[in-house]
Peer 1: 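Below: one structure in structure tokens.
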Amino acid sequence: MPDTVVAPPQEEAPGVLRTISAVNDTPQPPESTEPTASISDELPEQMRVRKEKRERMLAAGIEPYPVELPRTHSLAQVRAAHSGLAADTKTGEKVAVTGRVMFIRNTGKLCFATLREGDGSELQAMLSLDAVGADALSAWKSDVDLGDHVFVSGEVITSRRGELSVFADEWAMAAKALRPLPVAHKELAEETRIRQRYVDLILRPRAGETVRKRAEVVRALRDSFHRRGFLEVETPMLQTLHGGAAARPFVTRSNAFDMDLYLRIAPELFLKRCVVGGLDKVFEINRNFRNEGSDSSHSPEFAMLEFYEAWATYDTNAVMIREVIQEAAQAVTGSHVVTLADGSEYDLSGDWTTLRMYESLSGALGEEVTWETPAEALREHVDRLDLKLDPAYGHGKLVEELWEHLVGDHLVAPTFVRDFPLETSPLTRQHRSEPGVAEKWDLYVRGFELGTGYSELVDPVIERERLEAQSRLGKSGDDEAMQLDEDFLRALEYGMPPSGGVGMGIDRLLMALTGLGIRETILFPLTRPE
RNA sequence: GGGCCGUUAGCUCAAUUGGUAGAGCUGCGGACUUUUAAUCCGUAGGUUCUGGGUUCGAGCCCCAGGCGGCCCA
């Protein structure tokens, strides 16, 4: 940076904010500045024109990217302070504002521009020949394009049509945009919205609202857990073994340790170590990575809440997650009945339905199915329903698939489905009265799986048997099977108190509360390079 | 992994049977002191995703690939 003394604002030609270039006092144009002749002919016309304007301004000693502007109010503040004014009012109050130019309406000697700020609030700027002078007005007309950030200072007034405006006595470029903004009147293609989220955020205030809602939800979750005496912890994302869920991991490499590492698929095994160590109530909100496909409800990286509580069970933690979700809904929408993107309402209030998996499946099949029903009998149902499933599936997987098809796919209201086949729940405690059943629930909201909860398996001997079985599956080619984590087993061998645990997708919670797709709730979803 | 659909100007989209690639907005030039997607006059803007092929002629047909979407597994 040039080590110049900041000069006081100078009085110069009225209207044009020369003070900006004086304050910056950059002796020469930056080294990156190219002569006009070298502006590439290959650039689209509109970019070439804007680049030429930038250089014209620099050549005239006007800074197109000033370091600081004497802004006094946000657009929202001006709006808030002057609501409900009659048309053609002069307030006498002077303000200095900045905003991105979204629309321009020039009528010769009077120019209008709609300025927009990041929070979506808008304010009109008016520049008249009388007030700013001929030079400033013609500079406005020749230098300002849609998408530029501008600075305008002047009196707060309302126009004859009643539009709240800043009636400029001077203006300045705040940041010149070189790329033309896509038209604001047509919806941007979904791919462009995702690939260039910044453009989406500029054009569609709703995009920004979604980001803010997400922040409010995460904050509400943290508040809910802190109020209940939970401790927030951060456990490893880089893991030497992958476990805690059935999923394919991403593999990465540590040069220093000269070994492969996994991006975590779940924090579960570390949070349980915390409980072993006496951190009785812990939670974590962080990212998980699963090396699987992405669609309207799956993303390779996704945010997850997990919490573990000593002395809790899958009965008590179901009540708690319901309350936590309701508190999040309250925080973000002010009600337990949320309004979704399509305008419909979704009721999260009160108690939620609970189904038992085997009972509800039996009801749907018209024939009793229990944990003792042999896989062959289940396969007959699968064939009768013409479901195409892997013939290697055993009892547990068949029950879950049948249930999803016959019951899960039809759930709309928030529903806990509980008591899963033990076989497919390797980290879950066996049901206290039914040996082949696990004390596990899944929470379905708007028809998709939002979260899952357990009475955790804490017997180190049984846990070892289960993980050894998983490890054998892994060696025989199941790349979703967990690896044998000796350190985790060692921790359990020190004694883990009876505990309940819950996992819930944050992105999916947003989907549930807003009705948006997962790629709308994630600010920058993974996409292939263009 | 399989099937289907899409990919054209800065943006959103047209283009008949294979016959000169268009519109609106944006841009550029001009007019206009109360506009609201301002209006009016004039005007520019294209590697039709890429590479092959068929044809007198390809945005369109064929083959291969890229990217995206939807459905299925």
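Here is how names work: the chains are called A, B, and so on, in the same order as the sequence lines, proteins then strands, and each is numbered from 1. Please read all numbers here as calculations on a predicted model, not as lab measurements. Side chains are part of it too, since the values below use all heavy atoms of this structure and drop only hydrogens, waters and symmetry mates.
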Peer 1: Supply the atom-to-atom distance A/E292 CD to A/S299 OG, rounded to the nearest 0.5 angstrom.
Peer 2: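 If we round to the nearest 0.5 Å, A/E292:CD and A/S299:OG are 11.5 Å apart.
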Peer 1: Using atom C1' of each nucleotide, how far apart are B/U26 and B/C11 to the nearest Å?
Peer 2: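 B/U26 and B/C11 have their C1' atoms separated by 7 Å.
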Peer 1: Separation of A/N106 atom CG from B/C40 atom C1', in whole Å?
Peer 2: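 These atoms are roughly 14 Å apart.
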Peer 1: With RNA chain B as reference, determine whether A/R161 or A/V183 sits nearer its 5' end, using the nearest nucleotide of each.
Peer 2: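 Result: A/V183.
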Peer 1: What is the base-pairing partner of B/C61, counting Watson-Crick and G-U wobble geometry with both distances under 3.5 Å?
Peer 2: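 Answer to the pairing question: B/G53, which forms a Watson-Crick or G-U pair with B/C61.
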Peer 1: OP1, OP2 of B/U35 versus side-chain N and O of A/R105: anything below 4.0 Å?
Peer 2: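 So the side-chain polar atoms of A/R105 never come under 4.0 Å of the phosphate oxygens OP1 or OP2 of B/U35.
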Peer 1: For the pair made of CG in A/D145 and P in B/G29, what is the distance, rounded to whole Å?
Peer 2: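 Between P of B/G29 and CG of A/D145: 10 Å.
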Peer 1: Where the side chain of A/R528 is defined as all heavy atoms beyond and including C-beta, which of B/C11, B/C67, B/U33 is the nearest nucleotide?
Peer 2: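 When the side chain of A/R528 is considered, B/C67 is the closest of B/C11, B/C67, B/U33.
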Peer 1: Assign A/A189 to base, sugar-phosphate, or nothing according to its heavy-atom contacts below 4.0 angstrom with the strands shown.
Peer 2: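 Since only primed, P, OP1 and OP2 atoms lie under 4.0 Å of A/A189, the category is sugar-phosphate.
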Peer 1: Nearest to the side chain of A/Q46, heavy atoms from C-beta on, is which of B/G27, B/C11, B/U35?
Peer 2: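 The closest nucleotide is B/G27.
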Peer 1: As a test of reading the structure: which of B/U34, B/G68, B/U35 is closest to the side chain of A/E163, going by heavy atoms?
Peer 2: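 Selected nucleotide (nearest to the side chain): B/U35.
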Peer 1: Return whichever of A/T192 or A/V49 has its heavy-atom-nearest nucleotide of RNA chain B closer to the 5' end.
Peer 2: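 Upstream on the strand: A/T192.
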Peer 1: Indicate whether any N or O donor in one side chain lies under 3.5 Å from an N or O acceptor in the other, for A/R105 and A/T114.
Peer 2: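 The criterion, which ignores hydrogens and geometry beyond distance, is satisfied for A/T114 and A/R105.
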Peer 1: In the structure shown, which nucleotide is the Watson-Crick or G-U wobble counterpart of B/G68, with both distances under 3.5 Å?
Peer 2: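 B/G68 is paired, partner B/C5.
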Peer 1: To the closest 0.5 Å, what do you measure between CE (A/M511) and CZ (A/F448)?
Peer 2: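 It is 4.5 Å, given to the nearest 0.5 Å.
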Peer 1: My understanding is that a pair needs two contacts under 3.5 Å, Watson-Crick or G-U wobble. By that rule, which nucleotide pairs with B/G46?
Peer 2: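 For B/G46, the partner nucleotide comes out as none, under the 3.5 Å rule.
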Peer 1: Would the distance check show the side chain of A/T107 and the main-chain N or O of A/L110 forming a donor-acceptor pair, the cut-off being under 3.5 Å?
Peer 2: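 Pair found, side chain donor or acceptor close to backbone of A/L110.
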Peer 1: With a 3.5 Å cut-off and just heavy-atom distances, do the side chain of A/E187 and the base of B/U12 make a donor-acceptor pair?
Peer 2: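 Such a pair does not exist between side chain and base.
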Peer 1: What is the distance, to the nearest angstrom, from the CD atom on A/Q196 to the P atom on B/G10?
Peer 2: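 Distance check: A/Q196 CD to B/G10 P gives 13 Å.
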Peer 1: How close or far is atom C1' of B/C70 from atom CZ of A/R519, stated in whole angstroms?
Peer 2: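 For the pair A/R519 CZ and B/C70 C1', the rounded distance is 12 Å.
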Peer 1: Considering only the C1' atoms, how many Å lie between B/C13 and B/G30, rounded to the nearest integer?
Peer 2: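 Taking atom C1' in both B/C13 and B/G30, they lie 29 Å apart.
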Peer 1: Determine the Euclidean distance between corresponding P atoms of B/G22 and B/G46; express it in Å to zero decimal places.
Peer 2: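 Result for the P pair: 13 Å, nearest Å.
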Peer 1: In whole angstrom, give me the gap between the P atoms of B/U48 and B/A31.
Peer 2: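 That atom pair is separated by 37 Å.
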Peer 1: What distance, rounded to whole Å, do you find between the two P atoms, one in B/G1 and one in B/A9?
Peer 2: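 Straight-line distance between the two P atoms is 30 Å.
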Peer 1: If I take atom NZ in residue A/K141 and atom C1' in nucleotide B/G27, what distance separates them, rounded to the nearest angstrom?
Peer 2: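 Checked: the NZ to C1' distance equals 17 Å.
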Peer 1: May I ask you to evaluate whether A/K186 reaches the phosphate of B/U12, defined as a side-chain N or O under 4.0 Å from OP1 or OP2?
Peer 2: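 No, outside the criterion.
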Peer 1: Please measure how far the P atom in B/G53 lies from the corresponding atom in B/C60, and state the result in whole Å.
Peer 2: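 Taking atom P in both B/G53 and B/C60, they lie 14 Å apart.
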Peer 1: How far, in whole Å, is B/C40 from B/U35 if one measures between their C1' atoms?
Peer 2: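 It works out to 15 Å between them.
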Peer 1: Among the nucleotides B/A38, B/G45, B/U12, which one has an atom lying closest to any side-chain atom of A/T107?
Peer 2: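 Out of B/A38, B/G45, B/U12, the nucleotide with an atom closest to A/T107's side chain is B/A38.
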Peer 1: Please determine whether a side-chain nitrogen or oxygen atom of A/R179 lies at a distance below 4.0 Å from atom OP1 or OP2 of B/C11.
Peer 2: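 Checking A/R179 against B/C11: no side-chain N or O falls below 4.0 Å of OP1 or OP2.
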Peer 1: Does OP1 or OP2 of B/C28 have a side-chain N or O of A/K53 closer than 4.0 Å?
Peer 2: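 Answer is yes, contact under 4.0 Å.
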Peer 1: If we ignore angles and hydrogens, is there a donor and acceptor under 3.5 Å between the side chains of A/R79 and A/S121?
Peer 2: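 Not at all, the side chains of A/R79 and A/S121 share no donor-acceptor pair under 3.5 Å.
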Peer 1: Tell which nucleotide pairs with B/U12, taking only Watson-Crick or G-U wobble pairs whose two distances are both under 3.5 angstrom.
Peer 2: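 Base partner found: B/A23.
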Peer 1: Take the protein atom CZ of A/R50 and the nucleotide atom C1' of B/C11, then report the distance between them rounded to whole Å.
Peer 2: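 One finds 12 Å between C1' of B/C11 and CZ of A/R50, rounded.
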Peer 1: Mind checking if A/T114 touches a base, just sugar-phosphate, or nothing, with heavy atoms under 4.0 Å?
Peer 2: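 It contacts nothing in the nucleic acid.
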Peer 1: Between B/A37, B/G45, B/U34, which nucleotide gets closest to the side-chain atoms of A/F112?
Peer 2: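 It is B/U34.
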Peer 1: Is there a donor-acceptor pair closer than 3.5 Å between any side-chain N or O of A/Y346 and the backbone N or O of A/V412?
Peer 2: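 Such a contact is found between A/Y346 side chain and A/V412 backbone.
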Peer 1: Whole Å only: how far is the CG atom of A/L203 from the P atom of B/U12?
Peer 2: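 After rounding, the gap between these two atoms is 10 Å.
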Peer 1: Compute whether any side-chain donor of one residue and acceptor of the other, for A/Y358 and A/E368, lie under 3.5 angstrom apart.
Peer 2: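 Their side chains do not contain a donor-acceptor pair, so the 3.5 Å distance test is not met.
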Peer 1: Across the strands shown, which category fits A/L181 at heavy-atom distances under 4.0 angstrom: base, sugar-phosphate, nothing?
Peer 2: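 The residue A/L181 makes no contact with any strand.
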Peer 1: Between B/A21 and B/G57, how many Å separate the two P atoms, rounded to a whole number?
Peer 2: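 Rounded to whole Å, the distance is 16 Å.
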Peer 1: Can you tell me if A/E163 and A/T158 form a side-chain donor-acceptor pair at under 3.5 Å?
Peer 2: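 No, A/T158 and A/E163 have no side-chain donor paired with an acceptor closer than 3.5 Å.
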Peer 1: Would you mind pulling out the nucleotide paired to B/C40, Watson-Crick or G-U wobble, both distances under 3.5 Å?
Peer 2: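 Result: B/G30.
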Peer 1: In whole angstroms, how far is the C1' atom of B/C49 from the CD atom of A/E191?
Peer 2: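 It is 11 Å, rounded to the nearest whole Å.
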Peer 1: Is there a donor N/O on one and an acceptor N/O on the other, under 3.5 Å, for the side chain of A/S159 and the base of B/U35?
Peer 2: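 Side chain to base: pair present.
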